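Below is one structure, written out as structure tokens; comments come after it.
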Amino acid sequence: MDSTLRLIATNPLDQLARTIEALLIVASAPLSVAELAEAAEDDPERVETALGLLRERFGERRSGIVLEQVAGGYAFRASREASEACARLFERPIERGLSHAALETLAVVAYLGPCSRPEVARIRGVAADSAVASLVERGLISEAGRESGPGGAVRYRTTPLFERVFGLESLAALPRLDDLGADGEQIRERLLEVASARAS
Amino acid sequence: MDSTLRLIATNPLDQLARTIEALLIVASAPLSVAELAEAAEDDPERVETALGLLRERFGERRSGIVLEQVAGGYAFRASREASEACARLFERPIERGLSHAALETLAVVAYLGPCSRPEVARIRGVAADSAVASLVERGLISEAGRESGPGGAVRYRTTPLFERVFGLESLAALPRLDDLGADGEQIRERLLEVASARAS
Amino acid sequence: MRELDLDLDAFEGPFDLLLTLLLREELEPIEIDIAAIVLAFVERLAEREEIDLEACGEFLVLVSALLELKARLLFPDEAAELDALEPEAAAEELARRLGEYRRMKEAAVWLAERLAGERDRWFRLGPAPLAPQPERRLAPQDSNALAVALRALAVPPPAVSLSHMALRFPPVSQFLDRFRTLLSRRRRFDFESEVIGLSRVEQAVAFLALLELRKSGEIALSQAAPFAPIRIARVDDERITTWTARSA
């Protein structure tokens with residue numbers, strides 16, 4: 001009895017790591033360091049250290065269970081090595097049949113959200129109703145209030161599930177918009193040429 | 001590198017065990033030996049043996065993740081040692097309010113009486129599926145028959161819990177909306193009119 | 001050309017049925033992917049050995065009218081603003097919007113690639129099999145919030161700017177009637193002189209009415225040369241038709 005107590009006392013981080021394992025196995029969404037610290041009633045710093053231990057234990061090729069940092073927190077997932085076995089048993093209902101229109105809508109909501117259906121339609125040039133509905137149904141976007149003013153349209157933002165499905169640590173992990181569509185400058189120049197021809 | 005490869009080759013059961021870990025971490029219900037064997041494309045006997053290994057690795061006091069055999073097969077659970085931390089994780093703080101979507105949906109159901117999801121969606125101008133599901137989960141609304149006609153949609157009404165939470169003696173004690181109509185029917189007509197104007 | 005078969009997200013069938021539905025406002029221009037129509041037309045052209053200039057011309061008029069209509073409906077208020085802008089400023093604004101859309105398209109491509117790369121990452125959706133069952137508790141709520149929420153739903157949406165209403169397609173029937181009345185008084189007339197002063201959209205609809213009349217065999221159309229005035233003549237007046245044809 002005495003020796004067990006001493007063992008725990010000398011390496012209490014191990015017990016914290018076990019508690020974190022337990023929390024992560026029952027959680028249905030990634031847990032942040034703050035959530036883990038609160039549930040475990042321990043310091044966030046110690047939780048970080050324990051997570052470091054777990055990351056080694058539950059690493060790719062070492063274990064079938066892998067600890068990943070995603071959607072603003074930590075979660076377990078299957079190792080990539082086992083993906084074929086998983087594909088034989090499970091489905092991917094969220095990604096199945098995700099249309100091009102839905103992906104464009106998702107991009108608009110992820111970058112400019114919260115934003116409304118009319119705003120999405122303005123940017124994409126076509127109505128976004130069915131794309132928005134399918135994204136809500138898949139749980140990738142959700143309602144986030146209405147636009148201000150009477151009769152304001154419902155606004156949407158991406159969900160933590162979106163970050164998880166796309167394997168993003170957070171929305172900040174999306175590529176910067178400035179890096180996309182680099183040839184925008186060319187379009188601008190061509191339009192300005194046309195404009196000055198029209199003005200003269 | 002060489003030694004790792006040899007290790008896997010000499011102990012293929014370890015790889016099967018990792019695959020089973022991966023399958024169990026993805027599953028949202030217990031998995032039977034037959035299901036595990038099929039997904040892993042391996043013998044049920046070998047799966048049983050690998051499960052034996054895993055039961056030792058994921059045992060009480062040894063790990064925060066415990067492998068449990070239940071009626072439907074095998075599943076992971078949290079260790080008893082961590083049960084208090086898990087309880088703290090799941091014990092949700094008392095929620096201060098409802099989401100905008102939930103409040104709107106609840107108001108429609110409360111004022112207009114039994115109401116189906118399609119009707120709520122028509123009035124709000126957005127799909128009501130997740131809002132209705134969350135209100136049912138909270139016990140604020142419950143099913144109340146179906147709309148007449150074949151294939152009629154399920155209708156919902158508010159519950160006694162709803163009245164308690166909102167401090168109402170009965171539904172008749174809801175704040176009056178004389179400016180919108182004398183009764184539920186008139187209010188319903190008015191709302192549907194506005195909704196169709198919004199949709200056009 | 002008008003029997004061009006389309007297979008769009010919002011519509012499947014011949015092009016002229018699509019136009020009819022649009023003109024009757026039974027279909028919203030915003031639902032229609034115009035690029036897909038152009039693609040279908042170009043494919044159809046490529047299949048044919050020779051180029052039908054008349055069909056191309058007709059197509060250009062109709063598709064540009066459709067584009068304008070759709071653009072106006074997409075930017076009801078901004079359309080007026082853009083008109084008021086100096087050409088350089090308007091181009092600047094247009095470039096900004098095009099750039100924004102382009103970046104979103106790139107972002108969508110990035111997301112699609114990311115998704116493909118994550119196909120071997122599996123995780124559980126929903127609660128764990130043996131997780132504790134939590135109970136959700138809600139603090140006491142104010143019932144006035146319900147009244148406020150319902151009242152907000154009864155507020156009509158802000159009035160849509162009517163500035164673009166002038167650009168709505170007038171019904172084809174309006175021009176059908178007008179041309180028939182005209183032909184009951186005169187044997188022939190010039191299209192241009194009849195539509196002078198009308199907006200481009202109205203001109204396009206008038207042209208559609210013309211095609212409608214020719215299809216039903218009520219009129220004959222002729223044009224001396226590309227871009228020359230379009231002559232319209234009563235079909236029952238054979239002499240005039242042959243005269244026009246000879247002189248062409």
Side-chain angles (χ1 to χ4, degrees), chain B residues 22-31 68 70 72 75-78 83 86-87 89-98 100 103-108 110-112 123-125 134 137-140 161 164-168 173-177 179-180 187 190-191 193-195 197-198 200, chain C residues 10 21-22 24-32 69-70 72-74 76-77 118-165 167-169:
Chain B
L23 290 166
L24 290 175
I25 204 85
V26 180
S28 50
L31 295 176
E68 175 98 7
V70 290
F76 285 133
R77 65 166 170 81
S83 61
C86 290
L89 179 71
F90 278 88
E91 178 195 301
R92 304 189 182 195
I94 294 182
E95 289 166 77
R96 286 179 45 221
L98 293 162
H100 183 82
L103 188 67
E104 269 185 18
T105 303
L106 195 56
V108 170
Y111 275 98
L112 308 187
I123 289 170
R124 294 189 55 228
S134 108
E137 193 206 325
R138 290 157 182 276
L140 293 172
L161 176 64
R164 264 205 312 283
V165 166
F166 280 84
L168 302 166
L174 281 167
R176 298 195 55 82
L177 289 173
D179 46 327
L180 299 186
I187 297 175
R190 167 80 176 270
L191 290 175
E193 231 169 72
V194 172
R198 201 183 296 129
S200 67
Chain C
L21 291 175
L22 283 169
R24 287 192 196 143
E25 298 184 359
E26 285 171 20
L27 200 61
E28 289 287 334
I30 198 170
E31 304 280 352
I32 300 304
L69 183 78
K70 182 168 164 177
R72 297 272 170 175
L73 287 174
L74 279 177
D77 298 324
E118 298 296 305
R119 278 203 67 80
D120 59 353
R121 235 180 89 251
W122 289 86
F123 57 88
R124 171 165 42 77
L125 287 173
L130 304 175
Q133 297 288 323
E135 200 180 296
R136 293 180 88 164
R137 285 169 302 161
L138 186 60
Q141 301 290 306
D142 179 5
S143 60
N144 285 312
L146 294 168
V148 169
L150 209 67
R151 262 201 196 94
L153 284 174
V155 175
V160 177
S161 157
L162 298 181
S163 60
H164 64 288
M165 288 299 274
L167 284 141
R168 276 266 165 94
F169 272 136

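Each chain gets a letter, A, B and so on, in the order its sequence line appears, and its residues count up from 1. If you're wondering where the values come from, they're calculated on a predicted model, not measured in any experiment.
With chain C as the partner, the residue from Gly125(B), Gly97(B), Cys86(B) showing the most heavy-atom pairs under 4.5 Å is Gly97(B). Highest contact tally toward chain B, considering only Pro156(C), Ala152(C), Ala154(C), Pro140(C), is held by Ala154(C) [criterion: heavy-atom pairs under 4.5 Å]. Between chain C and the residues His100(B), Glu193(B), Glu137(B), Arg176(B), the most heavy-atom pairs under 4.5 angstrom are made by Glu137(B).
Contact annotation for Glu104(B): both backbone and side-chain heavy atoms come within less than 4.5 Å of a heavy atom of chain C. At a 4.5 Å heavy-atom cutoff, the contact between Glu68(B) and chain C is made by side-chain atoms alone. Contact of Ile187(B) with chain C is made through the side chain alone, with heavy-atom distances under 4.5 Å. Of the atoms belonging to Arg164(B), not a single heavy atom falls under 4.5 Å from chain C. Contact of Asp142(C) with chain B is made through the backbone alone, with heavy-atom distances under 4.5 Å. Neither the backbone nor the side chain of Ala78(B) comes within contact range of chain C; no heavy atom of the residue lies under 4.5 Å from a heavy atom of that chain. Using a 4.5 Å cut-off between heavy atoms, Val148(C) does not touch chain B at all. For a residue to count as touching a neighbouring chain, one of its non-hydrogen atoms must lie under 4.5 Å from one of that chain's; by this rule Leu161(B) does not touch chain C. Heavy-atom distances place the backbone of Pro127(C), and not its side chain, under 4.5 Å from chain B. In this structure, chain C has a heavy atom under 4.5 Å from the backbone of Arg96(B), while its side chain stays farther away. Within the 4.5 angstrom heavy-atom criterion, only side-chain atoms of Leu174(B), from C-beta onward, approach chain C. Heavy atoms closer than 4.5 Å to chain C are found in the side chain of Leu168(B), but not in its backbone. For Leu180(B), the part lying under 4.5 angstrom from a heavy atom of chain C is the side chain only.
Within the model, atoms CD of Gln141(C) and CG of Leu103(B) stand 8.0 Å from one another, a figure rounded to the nearest 0.5 Å. Distance CG/Leu106(B) to OG/Ser143(C): 11.0 Å, rounded to 0.5 Å.
The shortest side-chain heavy-atom distance between Phe76(B) and Pro30(B) does not fall under the 4.5 Å cut-off. Looking at Ile123(B) and Leu112(B), their side chains come closer than 4.5 Å, going by heavy atoms from C-beta outward. At least one side-chain heavy atom of Arg138(B) sits under 4.5 Å from a side-chain heavy atom of Glu95(B). Within the 4.5 Å cutoff, the side chain of Val194(B) has no heavy atoms near those of the Val155(C) side chain.
Listed by first and then second residue, the salt bridge (charged side-chain N to carboxylate O under 4.0 Å, His left out) pairs involving residues 123-132 of chain C amount to none (not counting sequence neighbours).
Looking at every heavy atom in both residues, Asp179(B) comes nearest to Arg190(B) through O-NH1, 3.5 Å. When all heavy atoms of Pro175(B) and Tyr111(B) are compared, the pair lying nearest together is O-OH, 2.6 Å. Closest of all the heavy-atom pairs between Ala75(B) and Leu130(C) is CB-CD1, 3.9 Å.
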